[in-house]
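These numbers come from a predicted model, not from an experiment. The figures that follow rest on heavy atoms only: side chains count, while hydrogens, waters and symmetry mates do not.
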Amino acid sequence: MTANTQATVHAPAGVFKGFRADECQHFLGIRYATSERYCPPVPFTYGEAEYECHTPAPYPVQLCSTIELTLTGIHYENLPQEENCQYLSITVPEEATPESQLPVMVWFYGGSYRNGGCDNPFYDRSILAKENGVVMVGINYRLSLLGFVKNREGGFANNGLLDAIEGLRWVNANIAAFGGDPNNITIFGESAGGDLVRCIMLSEGTDDLYRHAIIESDPLGTLENREEMERKILDELNELPLEASIEQLLETQRSITENVTERGLAKYLIFGPHAGVYPLPAQKDEEKRLREVAPKHDIIIGTNARETATYIGGNKLASALDRNILTRWIIELVLRKKTMDIFTEPTRKFARLYADCGGKVHLYNFFWRKDQHVVGAGHITELALLFGGKGVEGTLMAQGLHEQDFIEYGKPLRRIWTDFAKTGEISTLHEDGMITLQPIG
């Protein structure tokens, strides 16, 4: 991305100097909060000085993700990281002004609550902003041991979730200055990011922070029977001193993730928000909370046809077995069952519950290229279409396609998502060869 000219915004939180490029205005790495280790976020403002927003936000502290390295070529461990990672970045159409009042879409990245960052090049906000006339925001939140395990007293905490909510409060208070409509905000995310969106909706005090929500590939099947695993993780982290070095924390995380003994589905999402810990209700009270939330917020929710194929594609042995006509049926049987158990059926169940609680629900199934590649319509593949496939050419994720292919093929999906953000309506109930959507309830 090459900066051309300056773009300056006077917002309640400060004066921000961004730049114009790719037919958009960009404001990168704005701090919305800070925190002490294992503590909730504290809102941050810049005062009267101007702040240059030309540098991408540093990533949260994290280890390498083998699967994302295989799929998209991202070396998270080599990227700038910061413990107090509470930054957000904003991209708006080039001609946007404070009077524009454009729909706002706030993105929460996935990565199993272990990986990701709002300025990951894979999440190129500019294509949605310039093509469909929306304000795009990406929000960082703390991950794994620092975000979803403990508080200072050694009990459970949801600090990464609290980060996301604090970032969303910042957006509500400031986004009008960037040309966005604070009364028309859509929160959306994929995988752990989709789960984070669902948790924001369930959280106390969030009802007025957004209007619509899009939940992509939430691994809902991993959320049962987590108590023993979560207690083991908390106990191991509590053995470290509060001010342990980042190296010690990462080594402890590595030990935890390599020695998970649980046999159920919970082991596929080791870290995550804790039900019954502020700001989340206990699981037994979630339906009660949904009855408060659902009538106010329309949602799109769904899964990909071959979610777990992404993980098979990243495994050399499994890929070889899948290519062999004599053994492929075994791999496909496992793939379908895992996809159904972790993603598809729990998502359908949640969609029905949300509708029963008074919500307007559009349930989708993404099936583009599902039989054309070992990955096909696997986990995160729709994101290459949503964000334009930047940087994936030549990787497993690309499936032999080029960036321009993703830009072209993704137009219908981007139109559906942004039309929903603008009006709460679906532009079409079926896009041939890519996605089906159906109203529930």
Side-chain angles (χ1 to χ4, degrees), residues 92-93 96 100-108 125 127-129 131-139 164-165 168-169 171-172 175-176 178-190 193-203 205-218 289-303 347-348 350-366 382-383 385-387 410-431 434-441:
V92 303
S100 298
Q101 292 289 286
L102 298 173
V104 181
M105 298 187 73
V106 179
W107 171 250
F108 294 99
R125 293 179 298 271
I127 190 167
L128 284 159
E131 182 180 276
N132 298 93
V134 296
V135 170
M136 291 291 300
V137 183
I139 295 180
I165 293 170
L168 195 52
R169 289 196 184 103
V171 172
N172 272 260
I175 204 62
F178 294 85
D181 181 357
N183 296 311
N184 191 13
I185 293 174
T186 296
I187 53 177
F188 72 128
E190 184 271 346
D195 188 64
L196 191 68
V197 166
R198 185 184 58 84
C199 288
I200 291 171
M201 298 177 73
L202 286 170
S203 292
T206 59
D207 295 38
D208 297 329
L209 296 180
Y210 66 100
R211 185 175 180 185
H212 310 123
I214 302 174
I215 301 172
E216 304 174 37
S217 301
D218 186 348
R289 174 62 176 146
L290 285 177
R291 293 194 180 278
E292 299 170 352
V293 172
K296 305 174 186 177
H297 303 288
D298 301 340
I299 68 170
I300 292 176
I301 186 170
T303 57
T347 294
R348 289 173 181 168
F350 180 84
R352 289 191 293 267
L353 174 61
Y354 198 85
D356 290 343
C357 289
K360 184 177 179 181
V361 183
H362 297 279
L363 178 67
Y364 77 82
N365 177 45
F366 177 79
E382 86 280 13
L383 299 187
L385 299 173
L386 275 178
F387 294 103
K411 286 180 179 178
L413 188 63
R414 294 193 295 273
R415 187 176 73 246
I416 293 170
W417 260 227
T418 53
D419 281 356
F420 179 74
K422 293 173 183 178
T423 66
E425 300 296 328
I426 299 296
S427 57
T428 177
L429 292 183
H430 177 72
E431 285 293 340
M434 179 177 293
I435 190 170
T436 59
L437 296 104
Q438 63 181 100
I440 301 294

Item to check | Approximate separation, where rounding is to 0.5 Å, of Ile426 CD1 and Gln438 CD | outcome: 12.0 Å
Checklist entry - Which residues pass the side chain to side chain contact (heavy atoms under 4.5 Å, CB included) test with Arg291, sequence neighbours left out? => result Glu287, Cys357
Item to check | Trace of the side chain to side chain contact (heavy atoms under 4.5 Å, CB included) decision for Thr206 with Leu168 | outcome: CA-CA 9 Å; Thr206 59; Leu168 195 52; 5.9 Å; no
Checklist entry - So how far is it from Arg348 CZ to Asn365 CG, rounded to the nearest 0.5 Å? => result 7.5 Å
Checklist entry - Which heavy-atom pair separates Lys360 from Gly424 by the least distance, and what is that distance? => result NZ-O, 4.1 Å
Item to check | Pairwise side-chain contact, Glu131 with Lys411, heavy-atom cut-off 4.5 Å (strictly under) | outcome: yes
Item to check | Partner residues of Asn172 under the side-chain hydrogen bond (donor to acceptor under 3.5 Å, both in side chains) criterion, sequence neighbours left out | outcome: none
Next on the checklist: Minimum heavy-atom separation for Pro93 and Ala129, please, with both atom names.
Outcome noted: CG-O, 3.4 Å
Checklist entry - Leu383 versus Trp107: any side-chain heavy-atom pair under 4.5 Å? => result yes
Checklist entry - Given the rule in the salt bridge (Lys or Arg N to Asp or Glu O under 4.0 Å) test, do Asp181 and Lys422 qualify, once you have shown the distances and angles that lead to the verdict? => result CA-CA 10 Å; Asp181 181 357; Lys422 293 173 183 178; over 6 Å; no
Item to check | Side-chain heavy atoms of Ile175 within contact of Val137, under 4.5 Å | outcome: yes
Item to check | Side-chain heavy-atom pair Leu386, Arg414 within 4.5 angstrom cut-off | outcome: yes
Item to check | Pairwise distance OH(Tyr210) to CE(Met105) - rounded to 0.5 angstrom | outcome: 15.0 Å
Item to check | Sole residue of Ile301, Ile187, Ile214 in side-chain contact (heavy atoms from CB on, under 4.5 Å) with Val197 | outcome: Ile187
Checklist entry - How far apart are the C-alpha atoms of Val293 and Tyr354, what are their side-chain angles, what is the distance that settles it, and do they pass the side chain to side chain contact (heavy atoms under 4.5 Å, CB included) test? => result CA-CA 9 Å; Val293 172; Tyr354 198 85; 3.9 Å; yes
Item to check | Heavy-atom side-chain proximity of Leu102 to Val134 below 4.5 angstrom | outcome: no
Checklist entry - Minimum heavy-atom separation for Phe178 to Ala96, with atom names? => result O-CB, 4.2 Å
Item to check | Pair Asp419-Glu425, side chain to side chain contact (heavy atoms under 4.5 Å, CB included): steps then yes or no | outcome: CA-CA 7 Å; Asp419 281 356; Glu425 300 296 328; over 6 Å; no
Next on the checklist: So which atom in Ile200 and which in Ala164 form the shortest heavy-atom distance, rounded to 0.1 Å?
Outcome noted: CD1-CB, 4.1 Å
Item to check | Intermediate values then yes/no, side-chain hydrogen bond (donor to acceptor under 3.5 Å, both in side chains), Glu216 and Trp417 | outcome: CA-CA 11 Å; Glu216 304 174 37; Trp417 260 227; 2.9 Å; yes
Checklist entry - If you look at every heavy atom in Leu128 and Phe387, which pair is closest and at what distance? => result CD1-CE2, 3.9 Å
Checklist entry - Closest approach of Ala351 and Leu363, non-hydrogen atoms and distance? => result CB-CD1, 4.2 Å
Next on the checklist: A side-chain contact here means heavy atoms from C-beta on lying under 4.5 Å apart; do Asn184 and Val104 qualify?
Outcome noted: no
Item to check | Close side-chain approach of Met201 and Lys296, heavy atoms under 4.5 Å | outcome: no
Next on the checklist: I'd like to know whether CG of Asp207 has more than 12 heavy-atom contacts from other residues, nucleotides or ligands below 6.0 angstrom.
Outcome noted: yes
Checklist entry - Side-chain contact, heavy-atom cut-off 4.5 Å: Met434 with Phe366? => result yes
